[in-house]
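Below is one structure, written out as structure tokens; the observations come after it.
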Amino acid sequence: MMAIIVSATAADAMPTLSAWLAGAGVAHGVHAVGVNPRGPRRVLHESEMAIATVRDLIVGTTDGEPVFTRSANGQPDHIAFGFRDMAFGHALIAELVRSAGEPALGEPATQRLYALAARVAASDATVLVLGDTGTGKEGLSRMIHARSARAEGPFVAINCAALPDTMLEAMLFGHVKGSFTGAGTAADGLFRAAEGGTLMLDEIAELPLPLQAKLLRALQEREVLPVGATQAVPVDVRIVAACNRDLAAEVAAGRFRADLYWRLNVVALELEPLAERRQDVRAIAASMLLRHTANGQPFAWPTADALAALMAHDWPGNARELDNVLQRALLLREGDRIEVDDLGFVPAAASAPIKTAPALATTDGAITPLFEVQRTSAHEVIRAALEATGGHRARAAARLGISERTLRYRLAELRAA
């Protein structure tokens, strides 16, 4: 990861910028600068424009509205803001100079987690990434791959809940021609597709028990047996498994093999919900707004009040919900900036569960995860979650702590009961 340089003049003009960059995990140094067109990217003050190159970032202050101008016609990126917009301005600077592929973050605790992930990446250990849906598990997995000795190899990700059980084995391990109906040709499978690289198995708790046993053997023996084959094929793959549930609880409930759990749980990294990472919200919002603003389009700064609302929101949908909110605000805003009203937040009282049985809700009105209730209560829990999300199955599944596929199965069971 290449460090950037913050000029002493820019650091003097923005005394808190260096501390924010450090907390956001952006490696940098602060010192006097001169003309250096071939060195690392620099953050320069407006007064140093004469020595700037198109690769640099020019920063300044303004008593009026904040500005951000993309590099064009040989001129570098330029950003200026006043005291009221300083919080978002610092986050925007960090995301502009962050190395490609590095995740957006602002919380010191998140920075420490990613620093640990970088250390783990240097090994070849299997990693278990835990966290709610939308907290950034795939982004963390991609960073581990990018920081590893396997970075030049492929990164292959599969959502274990997105495919039918009958297809998973063939998708993972491959198959030979004629091994099942429709197998007109042979296929290598994802293990061999990730040869020399990293295979991410997302929502691994959704794997059926028989396939868990075959995955365990593949990890232990470092070989796979394609469907219909008689000879195993050696593979060289690093596994990063991800899960939005408590795998230890799944083991205790008999839904996940204990031996596979211990094989996967060499190093566990857990991402907290976005509601507990307020400064990450600021950084992620800056990154998303940069991504959704095309070159040549004016950049819509959130007002200080809008930023405060973003950081105070509970984010039950985590980063995916944040992305939806920001895209909607960009489309529907009437002014040059994103205002609180543009965010379209539903008042908390309106989003509370309706007519939920007392035993099925916590004291703060949240839906109880489905695996914490008895089967006889499942219908009421599912109904309450669907009512609370307006019938949106993906959001209801997230509130229940299960995958959307599992929710479909439960609904089918209830209809058949």
Please determine if Glu95 and Arg282 form a salt bridge, counting it only when a charged side-chain N lies under 4.0 Å from a carboxylate O. no
Output, in order, the C-alpha distance, side-chain angles, deciding distance and verdict of side chain to side chain contact (heavy atoms under 4.5 Å, CB included) for Thr135 and Arg320. CA-CA 8 Å; Thr135 50; Arg320 291 174 184 160; over 6 Å; no
Whether the side chain of Arg333 engages the backbone of Gly335 through a donor-acceptor N/O pair (distance < 3.5 Å, no angle test) should be reported. yes
Does the side chain of Ser287 reach to within under 4.5 Å of the side chain of Leu290, using non-hydrogen atoms? no
Side-chain touch Leu140/Val240, heavy atoms, less than 4.5 angstrom: no
Quick check: do Pro226 and Val233 have side-chain heavy atoms less than 4.5 Å from each other? yes
Can you find a side-chain donor-acceptor pair between His292 and Asp323 that sits under 3.5 Å? yes
Could you go through the side chain to side chain contact (heavy atoms under 4.5 Å, CB included) check for Gln75 and Met49 one step at a time? CA-CA 9 Å; Gln75 297 298 308; Met49 179 67 80; 4.2 Å; yes
Can a salt bridge be assigned to the pair Glu195 and Arg192 using a cut-off of 4.0 Å between side-chain N and carboxylate O? no
Using a strict 4.0 Å threshold on nitrogen-to-oxygen distance, state whether Arg337 and Asp342 make a salt bridge. no
Side chain proximity check, Ile58 to Val43, heavy atoms < 4.5 angstrom: no
Might you work through the side chain to side chain contact (heavy atoms under 4.5 Å, CB included) test for Arg42 and Val97, ending with a clear yes or no? CA-CA 8 Å; Arg42 303 173 299 179; Val97 300; over 6 Å; no
Just by distance, no angles: are the side chains of Ser7 and His45 close enough, under 3.5 Å, to form a donor-acceptor pair? no
Just jot down the side-chain contact (heavy atoms from CB on, under 4.5 Å) partners of Pro273, sequence neighbours excluded, or say none. Asp132, Glu276, Asn318
Any side-chain donor near an acceptor of the partner, Glu169 and His175, under 3.5 Å: no
salt_bridge(Arg255, Glu250) N-O dist < 4.0 Å: yes
Between Asp56 and Arg41, does any NZ, NE, NH1 or NH2 come within less than 4.0 Å of an OD or OE carboxylate oxygen? no
Above 12 or not: heavy atoms from other molecules or residues under 6.0 Å from CD of Glu334? no
Tested for ring pair (Phe, Tyr, Trp, His ring centres under 6.0 Å) against Phe68, the lone hit among Phe299, Phe81, Trp301 is Phe299
For Thr198 and His145, does a side-chain donor sit closer than 3.5 Å to a side-chain acceptor? yes
Counting only heavy atoms not in Asp336, do more than 12 fall under 6.0 Å of its CG? no
Under 6.0 Å from the CZ atom of Arg217, do we count more than 12 heavy atoms belonging to anything else shown? no
